[in-house]
Amino acid sequence: AGAKCRAVGRFLTAPGPRESRIPLTASGPAIHLVEWGRPDGFPVVFLHGGAHDASRWSEVCQRLPDTLRCIVPDQRGHGESDHAPDGDYSCAAQVADLVGLLDALAVERCALVGHSMGGLNALRFAGTRPERAAALVLIDVGTDTRRAGLAAVRRSRGHSSPQRASLPFDARLLDFVPTYGGDAGERRRLLVASNAPLLVLRGAWSRILPAEAAEACARLGGGTVITIPDAGHNAAQQNPEAVARALDRFLRPLAAAGH
């Protein structure tokens with residue numbers, strides 16, 4: 001039987017989820033993938049933050065129209081995807097995974113939605129492969145990071161060995177946190193190079209991306225900012241309906257135009 005849709009508020013639940021496992025290379029990690037929406041829909045890749053997994057997007061994806069093909073991977077070392085054989089959790093390595101995944105799915109061009117670490121991966125993909133990025137959505141991450149928020153992230157490296165062993169992701173990722181995604185200058189260069197329609201979402205309570213940093217990022221990329229109410233850094237979990245509404249409004253005309 002085919003996948004069915006059901007009404008959720010004013011949204012139409014996308015068909016799904018459909019799960020698969022994609023081997024990228026003989027020596028690289030296999031990536032666990034969840035998809036929502038029609039297989040022939042406008043492709044939108046959702047990239048979760050560090051220590052999260054694909055399930056963090058489910059409440060958002062099921063609220064989006066089925067004209068979008070939501071492609072939601074567990075990134076390397078997270079969820080049901082393999083850990084990196086060589087321990088490489090750099091932004092460049094994760095973007096290489098994304099390129100391999102899209103090639104395996106025969107997706108030439110897509111919109112990218114990334115939260116936190118996933119936003120930096122989306123930014124690097126869009127900035128280094130602008131011909132493949134139809135649009136870019138950054139959620140609670142931008143070209144500049146609040147010092148207090150970055151300090152809190154850096155403190156996460158202080159886990160003891162027993163604590164690291166119990167984490168629900170490959171703890172070697174923490175070693176890449178201090179320099180992940182490059183400095184502000186590099187992020188700005190990537191954003192300008194991407195030349196893609198841009199939307200910046202930030203949680204109203206965010207301690208990571210202040211309003212002025214979100215506005216500066218949007219101005220540089222010629223985009224807009226939407227503040228998600230009743231949400232902090234993890235807006236997709238804290239207010240998925242508002243996030244879905246903002247994404248639908250941004251992506252619907254792009255999908256209709258076949259970008």
Side-chain angles (χ1 to χ4, degrees), residues 17-35 45-61 70-105 112-126 128-129 138-141 145 149-183 186-187 190 208-209 232-237:
R18 304 179 301 277
E19 298 189 43
S20 58
R21 188 170 176 82
I22 310 294
L24 298 183
T25 65
S27 59
I31 299 298
H32 172 250
L33 181 67
V34 182
E35 294 190 69
V45 175
F46 289 78
L47 299 174
H48 60 75
H52 293 176
D53 59 32
S55 68
R56 298 296 184 117
W57 294 111
S58 60
E59 290 296 317
V60 171
C61 290
C70 300
I71 300 169
V72 193
D74 286 333
Q75 295 174 94
R76 61 166 55 194
H78 296 78
E80 297 181 42
S81 289
D82 289 346
H83 289 191
D86 56 0
D88 186 354
Y89 288 97
S90 64
C91 189
Q94 302 222 44
V95 169
D97 287 349
L98 178 56
V99 172
L101 177 65
L102 293 176
D103 288 348
L105 297 173
L112 300 124
V113 179
H115 168 243
S116 197
M117 177 195 80
L120 296 177
N121 294 343
L123 175 60
R124 181 166 292 275
F125 178 94
T128 56
R129 295 164 178 82
L138 301 176
I139 301 183
D140 224 67
V141 69
T145 303
L150 184 58
V153 172
R154 283 175 172 167
R155 283 195 296 272
S156 70
R157 298 186 72 213
H159 287 292
S160 66
S161 294
Q163 287 175 317
R164 284 188 166 215
S166 65
L167 294 174
F169 61 96
D170 191 337
R172 292 177 294 178
L173 170 68
L174 298 175
D175 297 327
F176 292 83
V177 166
T179 58
Y180 201 88
D183 61 18
E186 183 177 3
R187 295 180 190 182
L190 288 168
I208 303 296
L209 186 68
H233 184 55
N234 296 316
Q237 294 85 59

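Here the structure is a predicted model, which means the values were calculated and not measured.
No side-chain heavy atom of Ser58 sits less than 4.5 Å from a side-chain heavy atom of Pro17. In this structure, the side chains of Gln75 and His52 stay at 4.5 Å or more apart for every pair of heavy atoms. Counting heavy atoms from C-beta outward, Val72 and Leu33 have side chains that stay 4.5 Å or more apart. Using a 4.5 Å heavy-atom cutoff, the side chains of Arg129 and Val99 are in contact. Counting heavy atoms from C-beta on, the side chains of Tyr89 and His83 come closer than 4.5 Å. Val45 is not listed as a side-chain neighbour of Val113, based on a closest heavy-atom distance of 4.5 Å or more. Within the 4.5 Å cutoff, no side-chain heavy atoms of Arg18 are placed close to those of Val34.
Residues Phe176 and Gly87 approach most closely at CE1-O, 3.3 Å, considering heavy atoms. For the residue pair Ala236 and Arg56, the shortest heavy atom distance occurs at CB-O, 4.2 Å. Closest approach of Leu24 and Pro29 over heavy atoms only: CG-O, 3.5 Å.
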| field | Stepwise side chain to side chain contact (heavy atoms under 4.5 Å, CB included) test for Arg187 and Arg124 | value | CA-CA 8 Å; Arg187 295 180 190 182; Arg124 181 166 292 275; over 6 Å; no

| said: Quick one, Gln237 with Glu59, criterion side chain to side chain contact (heavy atoms under 4.5 Å, CB included). Give me CA distance, side-chain angles, the key distance, then yes/no. | reply: CA-CA 7 Å; Gln237 294 85 59; Glu59 290 296 317; over 6 Å; no

| request: Tell me, with the steps shown, if His233 and His115 meet ring-ring contact (aromatic ring centres under 6.0 Å, His included). | output: CA-CA 9 Å; His233 184 55; His115 168 243; 4.6 Å; yes

| said: Between Thr128 and Leu190, is the side chain to side chain contact (heavy atoms under 4.5 Å, CB included) condition met? List the steps. | reply: CA-CA 7 Å; Thr128 56; Leu190 288 168; 3.9 Å; yes

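Of the possible donor and acceptor atoms, none in the side chain of Asn121 sits under 3.5 Å from a partner among the backbone N and O of Val95.
With values rounded to the nearest 0.5 angstrom, Ser116 atom OG is found 10.5 Å from Ile139 atom CD1. Here the CD atom belonging to Glu35 is positioned 12.0 Å from the CZ atom belonging to Phe46, to the nearest 0.5 angstrom. Atom CD1 of Ile22 is separated from atom CD1 of Ile71 by 10.0 Å, given to the nearest 0.5 angstrom. From Phe125, atom CZ reaches atom CG of Leu120 across 15.5 Å, with rounding to the nearest 0.5 Å. A distance of 6.5 Å separates CG of Leu98 from CG of Leu112, quoted to the nearest 0.5 Å. In this structure, CG in Leu138 is found 10.5 Å from CG in Leu47, a value given to the nearest 0.5 Å.
For Asp97, the side-chain hydrogen bond (donor to acceptor under 3.5 Å, both in side chains) test picks out Arg76, with sequence neighbours left out.
Looking only at atom types and distance, the side chain of Asp175 has no donor-acceptor partner in the side chain of Tyr180 under 3.5 Å away.
Residue pairs that meet the salt bridge (Lys or Arg N to Asp or Glu O under 4.0 Å) test with at least one member in residues 78-91, sequence neighbours left out, are Arg21-Asp82.
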